[in-house]
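The residues of the chain are indexed from 1 along the displayed sequence.
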Amino acid sequence: MSDHEKEIGIPDNHKLVQTDSKWRQSKGLDTDTYWYDQVDETGAVVAKWIVKDSTSIYPPFGRNISSEKVG
C-alpha cells in the first residue's frame, strides 16, 4: 500500500487512479499535489481526492502528507 493510500485510508479492495499532478516549490518546501479517483473493485469511481505531499528542502528534510476528499 502506498503512502497516499495509507493517508486516505482506502479499503484493500479499492485503488487510487492518478488523474493529474502539479509540482511547486515555495518557502523552503517542495510540494507535489496529486489528484486521484478512488475506484472500487468493479472500476467505479467512489470518491475523488487531492493529496499534498510536501518535503522540506532544508535539513532535516521533514515530510508531510495531507489529503482532502473533494467528491
Side-chain angles (χ1 to χ4, degrees):
M1 184 175 276
S2 75
D3 290 341
H4 294 178
E5 291 170 331
K6 289 177 189 173
E7 165 64 26
I8 293 170
I10 65 171
D12 289 337
N13 60 341
H14 287 199
K15 290 194 282 187
L16 292 179
V17 177
Q18 184 178 323
T19 59
D20 200 3
S21 65
K22 180 175 83 171
W23 172 81
R24 181 175 175 208
Q25 188 175 30
S26 176
K27 299 180 183 178
L29 287 178
D30 181 5
T31 303
D32 296 304
T33 303
Y34 301 92
W35 286 262
Y36 289 109
D37 287 346
Q38 178 183 342
V39 296
D40 64 14
E41 62 278 354
T42 67
V45 175
V46 295
K48 293 183 178 282
W49 295 89
I50 297 174
V51 175
K52 292 188 178 184
D53 193 338
S54 300
T55 304
S56 173
I57 61 173
Y58 304 110
F61 306 110
R63 183 178 182 205
N64 182 53
I65 301 174
S66 62
S67 61
E68 176 185 359
K69 188 174 183 179
V70 294

For residues 16-25, the side chain to side chain donor-acceptor pair (under 3.5 Å) pairs (sequence neighbours left out) are W23-D30
Path from I65 to W49 over hydrophobic side-chain contacts below 4.5 Å: yes
Correct closest heavy-atom pair for K15 and E5 would be CA-OE2, 4.5 Å
Counting neighbours of CG on N13 that are heavy atoms of other residues, nucleotides or ligands and sit closer than 6.0 Å, is the number greater than 12? yes
Show every salt bridge (Lys or Arg N to Asp or Glu O under 4.0 Å) that has at least one partner inside residues 36-64, sequence neighbours left out. D3-R63, D37-K48, D53-R63
What orientation do H4 and Y34 show, parallel under 30°, tilted 30 to 60°, or perpendicular over 60°? tilted
Residues passing the side chain to side chain donor-acceptor pair (under 3.5 Å) test with S67, sequence neighbours excluded, are E7
Give a yes or no on whether Y58 atom OH has more than 12 heavy-atom contacts from other residues, nucleotides or ligands under 6.0 Å away. no
Test of understanding: clusters of I, L, V, M, F, W, Y form through side-chain heavy atoms closer than 4.5 Å, transitively. Do V45 and V17 belong to the same one? yes
side-chain contact (heavy atoms from CB on, under 4.5 Å) with H14: of I10, L16, D12, only one passes, and it is I10
Which pair of heavy atoms, one from S54 and one from T31, lies closest together, and at what distance? OG-OG1, 3.1 Å
